[in-house]
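See below for the structure under consideration.
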Amino acid sequence: MSSGQTKKGRAAAAQAGREVRAALLRVMPPVDECLRACAGVASIGGLSREYVKLMVRRAQAELRVAVLSDQGLAAAAPAPRTRQALVEEVVRRTRAAIEADEPSLRPLVNATGVVLHTNLGRALLAEPAIEAMAAAARSAVNLEYDLDSGGRGERDALVEDELCALTGAAAATVVNNNAAAVLLALNSLAAGREVVVSRGELIEIGGSFRLPDLMERSGAHLREVGATNRTHPDDYERAIGPDTALLLKVHPSNYRVVGFTAEVELAELVEIGRRHGIDVVEDLGSGALADLGRLGLPREPLVAERVAAGAALVTFSGDKLLGGPQAGVAVGRRELVQRMRANALRRALRCDKLTLAALEATLRLYLRAGDLGATLPTLRYLSRTVGELELVAERAREILAERLGGDFRLEVVPAFAQIGSGAQPTEQIPSRAVRVTHLELAPEAIAAMFRAARPPVIGRIAAHAFLLDVRAVDDAAAFAVSFSTVRS
Ligand SMILES: *Cc1c(COP(=O)(O)O)cnc(C)c1O
C-alpha cells in the first residue's frame, strides 16, 4: 500500500517536524521573561515570587515535553509557533496550574491491572485504617507513652500483640519498610560476620532493592552458595564455619527459576541451622497473613507458616499483600527482636504514628476476621469475579465512549491482571479491560492522553493496544474523567 514515494514524503515531514520542534526549544523564553509576563495576571498577583517561579519552571518543563513529543500541541490549538506564543503558553499553563492548585502527589486511576503497583503507591488502605490515620494526625497520641505508668512506652507495643497473635511469633518490631527491616536485622544480628544465602535468592527488586548491596551496607558479609538454578543442603553445610552468623532465605519475589531447579526448603534449612546452632532468617517480601487460596488465588506462603517451620525471624512489607501502610515488619524470637530494638540504627528506620495507627487498624481487621475480601481493598480487588469485572468494564466503556467521541474505538476484552509487588509474578489473574484504539493515534499517544486526563488514568499497552484493566478500579464512575485535549 505505502509506496516508496509516500514513505519518503513521510520521512521528510517527520524531519521537518523535528526541525520545527528544535527551533521552538531554542527560543524557549527564560524564567525571568516569563515571570515579567506573569506579573500582569490578576490571579497571580499577591503570590510569593518563589512560588510563581516554581510554577513557571514547571510550566516550562511541561511545555518542553509537549513540544518534544508534539503531544498536547496538536490538540491545544493554536500551537505556539513563535517566541511570543511560547511566553503566552507558559503564562497560560502557569495560571492554570496556580488556579487548580494541584498537589504534586495526585489521586489517579490505577487501570494497569497490577493491584499492588509500587510506582502507584501499592496497597489502598481500608476505611478503618484511613480513619485511624486521620485521628492520629489530628491529635497528640500515646505513641511512646505508657498510659498506666505515665512513663516512657515502646512504640512497637501498639501493634506487637496483634502481630504475634496473627503470626504465632513471640515478638515483633516495625520499621519504615521491608528493606529497612532486612537492613536492621542483618546489622543487628550479623555485622562483621557471614550470612549464607543461595545464589538463586540474590534478588534485585525494582532496581532499588539489591540484596547484595543492602547486605554490604549492613556490615554483614555475604557468603553465596549453590548455583543460580540449584542449591543443595550440602552447599549450606559446607559454607557454615566459625564466622557464620545466620542462614538467610529470601523469597525470590519478582522472578521464577524454572526448569532444572533445586531449592532447600525452609524446614530443611532450619534443621541444618539447628545442627550448627545457627538461626535462619527469612525475608518473605509480601508476607501474606490470610490464605489467598481461599480467595481462589495462587497461594503465597503465610507468615505464620514460616514461623511455625522454624524461621527465627521473618521480615515482610506492610503495604504488599497485607494491605496496610508502607512498613517493614520483623517477627520472631524475642531475643532477636530485642537486639534489633537496641540497635542505634533503629532510630533512623522507625516509622511514625500515622503508619502505626494505620497498621494497627489493618491488623485488627484480620484479627476480628469477618469478611476480609469485603473490608480490605487489596483482597477485595484480588477476589473480584470476572463476571463482576465484566459489568464494570462494560459501564466504563459506555462512559468513555461518551467522552472520547467517534474517532475512538472501545471494546471490552479479556485481560490478565497481576498481584504486583513481587507476589506470584508469573501468575495471571483473569480480568477484563476496555481496549482503546484510534484511527490515527498510536497506543503511546492514547496512553499519554489518558495520563493527561483529570484525574490521570494509567493503563497499559499490550499487543499494540492501550488497555484499561478494571480489576483495581472500584467503580466505572472512576472513568468519568475530563480530557482537556480531546477534540470531538
Ligand atoms: C518487596 C520486597 C522487599 C522490599 O520491601 P519494601 O517494603 O518495598 O522495602 C524486600 N524483599 C523482598 C523479598 C521483597 O519482595
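Just so you know, these numbers use all the heavy atoms, side chains as well, and skip hydrogens, waters and symmetry mates. Whatever order the structure lists ligands and atoms in, that order sets their numbers, starting from 1.
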NZ/NE/NH1/NH2 to OD/OE distance under 4.0 Å, Glu154 and Arg346: yes
Residue selection (non-hydrogen contact nearest atom 14 (C) of ligand 1) among Lys320, His251, Gln326, Glu282: Lys320
Residue list, ring-ring contact (aromatic ring centres under 6.0 Å, His included) with Phe466, at least two apart or on another chain: Phe450
Atom indices of ligand 1 within 4.0 angstrom of Arg122 heavy atoms, with elements: 6 (P), 7 (O), 8 (O)
Enumerated ligand 1 atoms positioned under 4.0 Å from heavy atoms of Gly285: 12 (C), 13 (C), 14 (C), 15 (O)
Under 3.5 Å side-chain donor-acceptor pair for His221 and Glu216: no
Atoms of ligand 1, numbered as shown, that sit under 4.0 Å from any heavy atom of Ser317: 5 (O), 6 (P), 7 (O)
Ligand 1 contact on Glu201 by region, counting heavy-atom pairs under 4.0 Å: neither
Any N/O pair Ser286/ligand 1 closer than 3.5 Å: no
Atom indices of ligand 1, in the order listed, that fall short of 4.0 Å to a heavy atom of Ala179: 5 (O), 6 (P), 9 (O)
Salt bridge present between Lys53 and Glu50 (N-O < 4.0 angstrom): no
Approximate separation, where rounding is to 0.5 Å, of Glu237 CD and His276 NE2: 4.5 Å
Modelled atom types, side-chain donor and acceptor of Arg122 and Ser421, under 3.5 Å: yes
